[in-house]
Q: 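Before we start, here is the structure in question, set down as structure tokens.
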Amino acid sequence: MNASHDTLDDLISQEYQHGFETAIEADAIPPGLSEETVRLISARKNEPEFLLQWRLEAYRRWLKMTPPSWASVHHPPIDYQDIVYYSAPKSQKDGPKSLDEVDPELLKTYEKLGIPLHERAILAGVAVDAVFDSVSVATTFKEKLAEVGIIFCSFSEAVQHHPEWIKQYLGTVVPVQDNFYAALNSAVFSDGSFVYIPPGVRCPMELSTYFRINAKNTGQFERTLIIADKGASVSYLEGCTAPMRDENQLHAAVVELVALEDANIKYSTVQNWYPGDKEGRGGIYNFVTKRGDCRGARAKISWTQVETGSAITWKYPSVILRGDDSVGEFYSVALTNHRQQADTGTKMIHIGKNTRSTIVSKGISAGFGHQAYRGLVRIARSARGARNHTQCDSLLLGDRCQAHTYPYIEVKNNSSTVEHEASTSRIGEDQLFFCRQRGLSAEDAVSMIVNGFCKEVFKELPMEFAVEAQKLLGVSLEGSVG
Amino acid sequence: MLQIKELTASVGDKEILKGINLNVNPGEIHAIMGPNGSGKSTLSNVLAGRENVTVTGGSLLWHDKNLLDMEIEERAREGIFLAFQYPVEIPGVGNVYLLKAALNAQRQHRGLPELDAMDFLALVKEKMKLMEMNESMLYRAVNEGFSGGEKKRNEILQMAVLEPELAILDETDSGLDIDALKIVSNGVNSLRSPTRSMILVTHYQRLLDYIKPDFVHVLAGGRIVRSGGPELAHELERDGYAWIAESGAYGVGL
């Protein structure tokens, strides 16, 4: 029995493999947060007055707010005056028009991550809006998308070229005062992605953004807004890895999705930020607010996430089911190893009639990992005939990790159906022995069993992402899986 | 090719095997019978290298290599196969996926090229006919929702695909009705060859009516107390194991 514990221990104690830092000069505003910082950020980005006022409003609200204390995570207090709120690679000033003009150091970083931007983007037919630190430096396929009227650009560009969309939709899904981190983001957000799909248009390719946190001590405050107009559909992929470092880094992103009548948005995330070392030093604090709003009838929003990185994950991609017959989905795989902590889940807010939601959450905890599923299913009085099905499974590796489940269910009418299933299991010594007896290495056996456990979620991911996700689980648990 | 000498082993603090001696040559089928708690399953587990069994003495040679130095998966790749008494379920992992991964891991070990999906499927489908299995079972999760008979057939299918040199069948007959027993036995018999050996671990003569052993050994109290030809199994069926207790060899698990 001890021997098999040791095997598991060896497997789960591999170190993070994407740890490196690119030497690029960063043009940063000094650390600290004040009304002046907010004005400076807005000015650097040449923003219209309405946006500056919106940021200032958020900042004033944030001053009066306190960080949430209900999550099942523990960390020392964050000194918000010790954070750099804006940093842009120097090369940005010259405004690269194509990849040829992009800092070669930056491109090398992508190479290391296995993302040869130009080749991969073209070969895979994926448009990449690469966010490096806080400013977008490369956007591909924009023209092809423009042919069908799709706007896919950095948030800053959208502010310059399509301020009317920003004014109409920004903060309408996640209001500035929504929560502490969302308010902070609203005040100081640096950049992110903007997508608009016109009525009836089905986006011809998967839209993809690779995020990467780089300059030291730089908090990342991404802001993403995706709007699918009537009858439009889009699949958006977000993937990340980050360099190794010692100090904790705060990441407080906000993602807003708006789906109008008959629109369909699928948002997939693979997150692999630096989780800290074996003792829990360093690592990213990932405090993210993601929410979608099914504003029209028969709209559909689907979140799929694979969360293997970050020291702390605090994240609840949610759907407001406003339109009648609208559909919300949440598929999640979260893995915590070593000293990682994750408090993650979703909120499904049923308002429209006959709205439906599905929640499938798979948590894997290893080492001293600490994990909580926290989910809210709220069925309003108006949501006659609403339905929800929740399935929430936890898998434990070793005997020092934790898994918790906190389901909140509120039903305000008598014509709705809500189902909740939960299970907790352990990778069995029997299963490992069986696989190895058939000739598989212990590593491959664990990887196979874990991937089997996550299958229901992986099948929701776009194909190439599913492959990446499986590899990532392999890497996060074991080092290398062929 | 398999030589077991004075093998002793314990599970936790309890000594289960108290000096086993057994030689298995290519092509031979050995049946190991014995009462509950005599150490039959422990012997199977020791051969496969299960980590909850601690070998405390003696030797275990496989083609003159020390089996005790080899990890579970190395033994498997060197041609030792264990058909489980209680096959485990692996939710979400397709039967076909496990089989292909296992076969290719073994082929790689032997310096053979991996089989691609087409060749592999052709191979598996042929073997499934042998076991009278429905192809849909390939795409179901490993043993999940399988009946007892289906699980045992699945074990023999794995054996047919992996083509081991030594197959240890741990109470493969338990929980099988007569029809399933026939199918499983036919499958096993079709895998008999002059180069493949088998160890059948069983309580009952019944299995041996279908799979004819060359040798029968009686395991009791952690030792082989009697060895003989197939006739010994009939004798046991008639007289039971009570004579062992009288001879004083019956020590474990009572």
Side-chain angles (χ1 to χ4, degrees), chain A residues 1-11 331 333 360 362-364 391 393-395 421 423-461 466-467 469-470 473-474 478 481-482, chain B residues 11-12 44-45 47-54 70-95 97-110 114 141-144 151 154-155 157-159 161-164 167-168 170:
Chain A
M1 214 50 206
N2 279 332
S4 71
H5 268 168
D6 290 348
T7 317
L8 272 182
D9 279 353
D10 289 347
L11 294 181
Y331 298 96
V333 166
V360 178
K362 303 278 180 178
I364 301 145
Q391 188 193 328
D393 300 319
S394 303
L395 186 68
E421 283 178 45
S423 76
T424 302
S425 55
R426 210 177 258 287
I427 281 202
E429 194 251 342
D430 282 2
Q431 288 173 326
L432 266 182
F433 175 57
F434 171 74
C435 293
R436 294 176 70 190
Q437 211 300 307
R438 294 298 177 257
L440 296 174
S441 67
E443 272 193 359
D444 288 351
V446 168
S447 173
M448 192 172 79
I449 295 165
V450 169
N451 276 306
F453 174 75
C454 301
K455 193 176 183 182
E456 277 173 278
V457 173
F458 285 169
K459 73 177 166 49
E460 296 299 324
L461 289 170
V467 173
Q470 292 195 18
L473 273 198
E478 320 156 0
V481 164
Chain B
V11 176
S44 307
N45 284 332
L47 293 176
R50 190 162 195 154
E51 287 156 330
N52 63 353
V53 184
T54 313
M70 290 157 75
E71 296 280 346
I72 300 166
E73 57 267 34
E74 280 180 83
R75 299 180 193 204
R77 293 167 189 174
E78 290 282 330
I80 295 178
F81 179 91
L82 172 64
F84 284 64
Q85 182 179 2
Y86 304 108
V88 298
E89 301 183 2
I90 310 180
V93 175
N95 223 4
Y97 182 83
L98 170 81
L99 265 175
K100 182 162 178 273
L103 179 64
N104 280 332
Q106 298 208 7
R107 286 179 66 94
Q108 200 185 359
H109 179 76
R110 293 169 198 157
E114 293 195 359
V142 179
N143 292 327
E144 201 182 32
K151 285 182 183 176
N154 202 25
E155 293 290 294
L157 172 69
Q158 290 162 25
M159 173 176 157
V161 169
L162 297 174
E163 301 187 321
I168 305 151
D170 190 2

Q: Is the closest basic N to carboxylate O distance between Glu74(B) and Arg436(A) below 4.0 Å?
A: no

Q: Chain A: which of Pro91(B), Pro87(B), Gly94(B), Ala141(B) shares the most heavy-atom pairs with it under 4.5 Å?
A: Pro91(B)

Q: Once salt bridge (Lys or Arg N to Asp or Glu O under 4.0 Å) is applied, what residue pairs with a partner in residues 448-459 of chain A remain, sequence neighbours excluded?
A: Lys362(A)-Glu456(A)

Q: Where the side chain of Gln437(A) meets the backbone of Ile80(B), is there a donor-acceptor pair that is under 3.5 Å apart?
A: yes

Q: Just give me the residue among Ala102(B), Gly49(B), Gly12(B) that pairs up with chain A most often, heavy atom to heavy atom, under 4.5 Å.
A: Ala102(B)

Q: Looking only at heavy atoms and a cut-off of under 4.5 Å, which of Leu82(B), Val93(B), Leu103(B), Thr54(B) has the most pairs with chain A?
A: Leu82(B)

Q: With the side chain counted from C-beta on, respond yes when Phe434(A) and Glu89(B) share a heavy-atom pair under 4.5 Å apart, and no when they do not.
A: no

Q: Heavy-atom pairs under 4.5 Å with chain A: which of Leu98(B), Leu99(B), Leu162(B) has the most?
A: Leu98(B)

Q: Does a side-chain heavy-atom distance below 4.5 Å link Ile90(B) with Cys435(A)?
A: yes

Q: Which residues pass the ring-ring contact (aromatic ring centres under 6.0 Å, His included) test with Phe81(B), sequence neighbours left out?
A: none

Q: Contact part of Val53(B) toward chain A, heavy-atom cut-off under 4.5 Å: side chain, backbone, both or neither?
A: neither

Q: How close do Ala105(B) and Leu440(A) get, counting heavy atoms only, and between which atoms?
A: CB-CD2, 4.3 Å

Q: If you tally heavy-atom pairs under 4.5 Å against chain A, which of Pro164(B), Ala76(B), Ala101(B) wins?
A: Ala76(B)

Q: Show your working on side chain to side chain contact (heavy atoms under 4.5 Å, CB included) between Leu432(A) and Ile72(B) and close with a plain yes or no.
A: CA-CA 10 Å; Leu432(A) 266 182; Ile72(B) 300 166; over 6 Å; no

Q: Quick one: are Tyr86(B) and Asp430(A) in side-chain contact, heavy atoms under 4.5 Å?
A: no

Q: Arg438(A) and side chain to side chain contact (heavy atoms under 4.5 Å, CB included): which single residue from Glu73(B), Gln158(B), Met159(B), Arg77(B) fits?
A: Gln158(B)

Q: Taking side chain as C-beta onward, heavy atoms only, is Phe433(A) less than 4.5 Å from Asn45(B)?
A: yes

Q: Considering only heavy atoms, which portion of Arg50(B) lies under 4.5 Å from any heavy atom of chain A: side chain, backbone, both, or neither?
A: both

Q: I'd like to know which of Glu155(B), His109(B), Gln108(B) tops the heavy-atom pair count under 4.5 Å against chain A.
A: Glu155(B)

